[in-house]
Amino acid sequence: MKKVAESPASPARGAGPARWQDQLRAAYRSLDALRALWPGLRPTPAMREAERRFPLAVTPYYASLVRRPDASDPIFAQCVPAAGELLAAPWASRDPLAEVPFSPLPRLVRRYPDRAVLLACDACACRCRHCFRKRVSARGGPAVSDAELAEVARFLRANPSIDDVLVSGGDPLLLPDARVAAILAALRSVPSVRVVRFATRLPATLPMRFTRALVRLLRPARGGPAVFASVHFNHPRELTPLATEACARLVDAGIPVQSQTVLLRGVNDDPDTMEALCRGLYHRRVRPYYLFQTDLAEGIEHLRTPLATGLAIMERLRARLSGPAIPNFCLDPPGEGGKIELSPDYVVERRPGATLLRNGGGGRFLYPDPVPCPAPPDGV
Ligand SMILES: *Cc1c(COP(=O)(O)O)cnc(C)c1O
């Protein structure tokens with residue numbers, strides 16, 4: 001029998017170690033460390049101040065995707081501190097989605113009757129410069145304990161209307177396999193939990209994490225809750241052979257994979273890039289699920305786009321892509337509002353008896369209301 005490598009494939013030359021634990025050990029954790037990789041990098045005092053406020057971490061693998069080590073590179077812009085992080089916008093918040101006041105337990109956020117978010121750990125493989133939960137990654141606290149998991153299970157049993165638990169953090173799949181197994185076991189012990197969604201950026205930043213052992217552990221058991229992966233790709237260049245293999249292993253194991261992309265200025269805020277990303281995800285059986293407007297969180301104002309940018313991109317995606325390749329464009333308003341979906345407005349004018357519509361190609365169509373007719377008889 002052919003011997004199967006434990007990691008998906010060997011990383012490309014220069015991408016660092018093949019084992020995920022070694023990638024984490026070799027991660028770059030300062031601008032000075034990155035200068036060893038990119039001798040041309042010249043950190044400015046503002047970049048150093050941004051690094052002090054929002055610490056940096058980059059895996060060798062993710063750093064190897066950078067082609068030009070400056071802010072015009074879409075990978076560099078997502079992982080290297082920038083002067084723009086010091087911009088003080090009046091609306092910038094540490095907790096833009098008001099998660100803290102909506103936490104019935106320290107580890108649990110509940111905004112909807114039927115869904116809850118479990119914050120399993122604080123750590124991530126890469127610290128995304130656009131993270132809206134910097135308050136969590138900066139905390140650097142311990143992973144969820146067995147006692148906390150028991151408390152979460154107790155809460156879920158007492159609130160059976162919650163049928164869907166999103167496991168997030170930090171990145172929950174950065175935890176050792178045994179901890180991931182403990183989280184799953186706790187959630188599977190609650191009969192009313194029918195879906196478990198793991199939110200993870202690791203297919204983009206540390207794809208060698210998706211070992212056969214991890215995927216076997218995540219695989220849904222017959223009769224047990226469905227398991228989904230909510231991954232996070234922002235640029236087509238992140239769709240490497242290793243990332244492709246990580247996603248394929250998940251889908252092959254019966255774990256639907258969907259991507260939550262963040263719209264970022266200078267990274268993916270043009271229609272060509274977004275179309276290529278969504279198309280690339282779709283070809284890999286990854287469903288583009290959300291395109292998120294950047295949140296009003298501290299330290300990310302320089303990456304935010306006007307709403308018009310996202311709406312123009314959505315119009316282009318609708319005109320060019322297959323339906324399942326088109327994400328939902330959403331924003332989280334400040335505070336407790338929950339997600340709001342936005343879409344281009346195709347209604348030009350409402351007239352008596354008809355609506356004037358346009359399509360993405362500039363055509364106009366008058367669509368009539370039904371001809372007045374008697375109500376249908378009973379029973380039809
Ligand atoms: C985004 C979010 C969810 C999940 O929303 P879906 O639209 O179901 O993906 C659940 N809880 C909170 C607090 C959220 O922010």
Side-chain angles (χ1 to χ4, degrees), residues 91 93-122 124 128 130-137 139 144 148 152-153 155-156 158-173 183 187 190 192-201 203 220 225-234 250 255-264 278 281 286-298 300 304 310 314 323-343:
W91 40 77
S93 160
R94 286 191 79 76
D95 181 19
L97 309 193
E99 292 184 315
V100 173
F102 276 79
S103 296
L105 299 173
R107 296 273 182 188
L108 216 59
V109 182
R110 184 191 194 185
R111 194 186 311 284
Y112 304 104
D114 59 332
R115 282 158 282 173
V117 179
L118 168 61
L119 299 175
C121 65
D122 292 355
C124 281
C128 298
H130 56 274
C131 181
F132 78 96
R133 232 180 243 146
K134 279 177 173 164
R135 73 168 199 286
V136 170
S137 58
R139 196 166 55 191
V144 63
E148 287 173 315
V152 165
F155 179 87
L156 293 171
N159 292 273
S161 67
I162 300 175
D163 65 359
D164 182 359
V165 178
L166 282 81
V167 185
S168 187
D171 200 309
L173 297 185
I183 292 169
L187 297 177
V190 183
S192 44
V193 173
R194 303 313 303 150
V195 179
V196 177
R197 287 190 265 175
F198 282 92
T200 177
R201 175 100 161 110
V227 179
F228 281 63
S230 273
V231 303
H232 173 176
F233 287 103
N234 291 333
L250 290 167
I255 300 165
V257 181
Q258 47 193 26
S259 178
Q260 309 200 132
T261 295
V262 184
L263 181 57
L264 297 169
C278 291
L281 290 167
V286 177
R287 170 88 159 86
Y289 173 46
Y290 277 137
L291 174 61
F292 282 121
Q293 173 71 8
T294 298
D295 286 313
L296 301 178
E298 58 181 1
I300 62 179
R304 209 155 64 85
M314 288 309 295
I326 304 174
N328 303 304
F329 181 39
C330 276
L331 72 75
D332 269 294
E336 57 197 68
K339 294 176 186 67
I340 296 177
E341 189 180 353
L342 294 158
S343 63

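These numbers were taken from a predicted model, which means no experiment stands behind them. Atoms within each ligand, like the ligands themselves, are counted from 1 in listed order.
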Pocket residues around ligand 1 (non-hydrogen, under 4.0 Å) come out as Val109, Arg111, Tyr112, Arg115, Val117, Leu166, Arg197, Tyr289, Tyr290, Lys339
Note: Ser192 and Leu156 closest approach over all heavy atoms is OG-O, 4.0 Å
Fill in: Heavy-atom side-chain proximity of Phe198 to Pro172 below 4.5 angstrom
yes
For the residue pair Thr261 and Tyr290, establish whether any side-chain heavy-atom pair is separated by less than 4.5 Å. no
Is the charged tip of Arg115 near the ring of Tyr112: under 6.0 Å from the six-membered ring centre and within 45° of its axis? yes
**Study point:** Geometric cation-pi criterion Arg197 and Phe228, 6.0 Å radius, 45° cone
**Key:** no
- Hey, are the side chains of Val231 and Pro203 touching, using non-hydrogen atoms and a 4.5 Å cut-off? yes
